[in-house]
Chemist: 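Before I ask anything, here is the structure I am working with.
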Amino acid sequence: MKIEIYANDNEKSLKVKRELETKFAERHFVMDAEHPDIVITIGGDGTLLSAFHQYEDQLDSVRFVGIHTGHLGFYTDWRTDELDDLIISLESDNGQAITYPLLDISVRYRDKNKPERYLALNEATLKRIGMTMAADVYIGGELFERFRGDGLCVSTPTGSTAYNKSLGGAVIHPSLDALQLTEIGSLNNLVYRTISSPLIIAPNDWITIFPNETSDYFMTIDQENIYGRDVEQIMFKISKKKIRFAKYRHNAFWKRVQSAFIGDVHEI
Ligand code: NAP
């Protein structure tokens with residue numbers, strides 16, 4: 001099994017990285033940054049997002065493991081005092097994996113004949129800064145609404161606890177193959193009308209956004225920002241690809257949501 005350690009540049013993460021490298025060398029683990037079987041990230045959810053994009057063209061062969069050096073994350077559930085347990089799990093690895101849905105984004109730019117494809121682990125957004133964004137929103141090829149506001153966000157189930165949640169979206173269990181569309185500052189009055197609530201889209205449906213003709217759109221795909229390109233159309237659907245995590249132990253999703261957003265709860 002070939003392993004890569006991907007850490008952020010935080011002092012604590014780099015210390016854990018050195019510790020893990022020493023332990024791996026003692027046990028003669030094979031390290032391979034080019035074509036790893038397991039990518040171990042050290043940092044936060046943001047670090048795992050970066051590692052995902054670094055290896056997004058190898059998702060069939062790569063599995064991820066996240067160690068958090070700050071708070072418990074949604075993608076990073078190993079603590080830094082569990083390195084020896086992690087090594088035992090790696091030594092007895094039999095390829096076990098848990099998979100989560102990804103967002104397939106296809107963007108048609110006015111200056112290009114062919115659409116450009118992107119993959120998101122959390123979400124993609126389209127926003128207009130300074131002026132109102134006007135866009136036609138289609139679901140499954142049918143015109144659904146004419147949106148006006150700051151922007152729109154389409155997220156995955158694992159991304160539902162990130163930006164989507166700040167926008168009032170629902171938290172979705174990642175065993176569900178679904179997409180969520182949330183509004184960013186929608187305009188609603190006697191003239192303009194949007195649904196004004198998050199929509200959860202079924203696996204076979206897709207969302208298409210046609211922004212009105214203008215070029216000052218700001219697009220985000222997880223941590224990546226794309227600005228200054230003339231967007232004609234963006235299509236979102238659930239990707240055929242999935243992210244795979246090495247499943248060495250059971251991790252209850254709702255417990256994680258509770259620890260991240262609520263904290264300890266005591267029965268009365
Ligand atoms: P960042 O702005 O440095 O951090 C964003 C925060 O979101 C971090 O605390 C990060 O956790 C957390 N996060 C990332 N993915 C998450 C997930 N799936 N569930 C719950 N929390 C999550 O940016 P970044 O670290 O590069 O992450 C990019 C992400 O930031 C985007 O994908 C978007 O979801 C999020 N974002 C949120 C808002 C908002 O809520 N208003 C605005 C812009 C972007 P860690 O501390 O563990 O890394």
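Whatever order the structure lists ligands and atoms in, that order sets their numbers, starting from 1.
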Chemist: Would you say the side-chain atoms of Ser13 and Thr69 include a donor-acceptor pair closer than 3.5 Å?
Modeler: yes

Chemist: For atom 16 (C) of ligand 1, decide whether some protein heavy-atom distance is shorter than 4.0 Å.
Modeler: yes

Chemist: For atom 9 (O) of ligand 1, find the nearest protein heavy atom and state the residue, atom name and distance (0.1 Å precision).
Modeler: His71 NE2, 4.4 Å

Chemist: Do any non-hydrogen protein atoms sit less than 4.0 Å from atom 30 (O) of ligand 1?
Modeler: no

Chemist: Quick one: does ligand 1 sit under 4.0 Å from the side chain of His68, the backbone, both or neither, non-hydrogen atoms only?
Modeler: neither

Chemist: Could you tell me if the side chain of Leu121 sits less than 4.5 Å from the side chain of Thr156, heavy atoms only?
Modeler: no

Chemist: Would Tyr217 and Phe210 satisfy ring-ring contact (aromatic ring centres under 6.0 Å, His included), going step by step from the backbone distance to the final call?
Modeler: CA-CA 12 Å; Tyr217 287 105; Phe210 290 88; over 10 Å; no

Chemist: Step through the shown structure and confirm whether more than 12 heavy atoms of other residues, nucleotides or ligands are within 6.0 Å of OH on Tyr192.
Modeler: no

Chemist: When you compare the side chains of Ser155 and Ser160, does any donor N or O come within less than 3.5 Å of an acceptor on the partner?
Modeler: no

Chemist: What is the closest protein heavy atom to atom 19 (N) of ligand 1, and at what distance does it sit?
Modeler: Thr161 OG1, 2.7 Å

Chemist: If we set the cut-off at 4.0 Å for heavy atoms, which region of Ala162 has an atom near ligand 1: side chain, backbone, both, or neither?
Modeler: both

Chemist: Hey, is atom 33 (C) of ligand 1 touched by any protein heavy atom at less than 4.0 Å?
Modeler: yes

Chemist: Looking only at side-chain N and O atoms, does Thr158 offer a donor or acceptor that is under 3.5 Å from a partner on Tyr75?
Modeler: yes

Chemist: Backbone or side chain, does any N or O of Gly46 fall under 3.5 Å from an N or O of ligand 1?
Modeler: yes

Chemist: Provide, to 0.1 Å, the distance between atom 24 (P) of ligand 1 and the closest protein heavy atom, together with that atom's residue and name.
Modeler: Gln223 NE2, 3.9 Å

Chemist: Counting heavy atoms only, which part of Lys165 comes closer than 4.0 Å to ligand 1: side chain, backbone, both or neither?
Modeler: neither

Chemist: Counting only heavy atoms, which portion of Tyr163 has something under 4.0 Å from ligand 1: side chain, backbone, both, or neither?
Modeler: both

Chemist: Could you tell me if the ring centre of Phe245 sits under 6.0 Å from that of Phe52?
Modeler: no

Chemist: With sequence neighbours excluded, what pairs up with Tyr55 under the ring-ring contact (aromatic ring centres under 6.0 Å, His included) test?
Modeler: none

Chemist: Count the heavy atoms of every other residue, nucleotide or ligand shown that sit under 6.0 Å from CG of Asn113, and state whether that count exceeds 12.
Modeler: no

Chemist: I'd like to check which ligand 1 atoms, numbered from 1 as shown, lie under 4.0 Å from a non-hydrogen atom of Tyr75.
Modeler: 18 (N)

Chemist: Looking at Arg249, I want to see if its CZ is surrounded by more than 12 non-hydrogen atoms of other residues, nucleotides or ligands under 6.0 Å.
Modeler: yes

Chemist: If you count the atoms of ligand 1 from 1 in the order shown, which ones are under 4.0 Å from a heavy atom of Ser166?
Modeler: 39 (C), 40 (O), 41 (N)

Chemist: Does atom 42 (C) of ligand 1 have a protein non-hydrogen atom under 4.0 Å from it?
Modeler: yes

Chemist: So which bit of Asp45 gets within less than 4.0 Å of ligand 1, heavy atoms only: side chain, backbone, both or neither?
Modeler: both

Chemist: Please could you name the atoms of ligand 1 that Gly44 approaches to less than 4.0 Å, counting only its heavy atoms?
Modeler: 47 (O), 48 (O)

Chemist: Check this for me: does any side-chain nitrogen of one of Asp93 and Arg63 sit under 4.0 Å from a carboxylate oxygen of the other?
Modeler: yes

Chemist: I need the atoms of ligand 1 closer than 4.0 Å to a non-hydrogen atom of Leu49, numbered in the order shown.
Modeler: 27 (O), 28 (C), 32 (O)

Chemist: Can we say Asp104 and Lys240 salt-bridge, meaning some charged N sits less than 4.0 Å from an Asp/Glu carboxylate O?
Modeler: no

Chemist: Under 4.0 angstrom from atom 45 (P) of ligand 1, is there any protein heavy atom?
Modeler: yes

Chemist: Any protein heavy atom sitting closer than 4.0 Å to atom 27 (O) of ligand 1?
Modeler: yes

Chemist: In chain order, what residues pass the side-chain contact (heavy atoms from CB on, under 4.5 Å) check against Asp177, with sequence neighbours excluded?
Modeler: Pro101, Pro203, Ile238, Lys242

Chemist: With respect to Thr47, determine whether any N or O atom, backbone or side chain, lies less than 3.5 Å from an N or O atom of ligand 1.
Modeler: no

Chemist: Please check if a non-hydrogen protein atom sits closer than 4.0 Å to atom 1 (P) of ligand 1.
Modeler: no

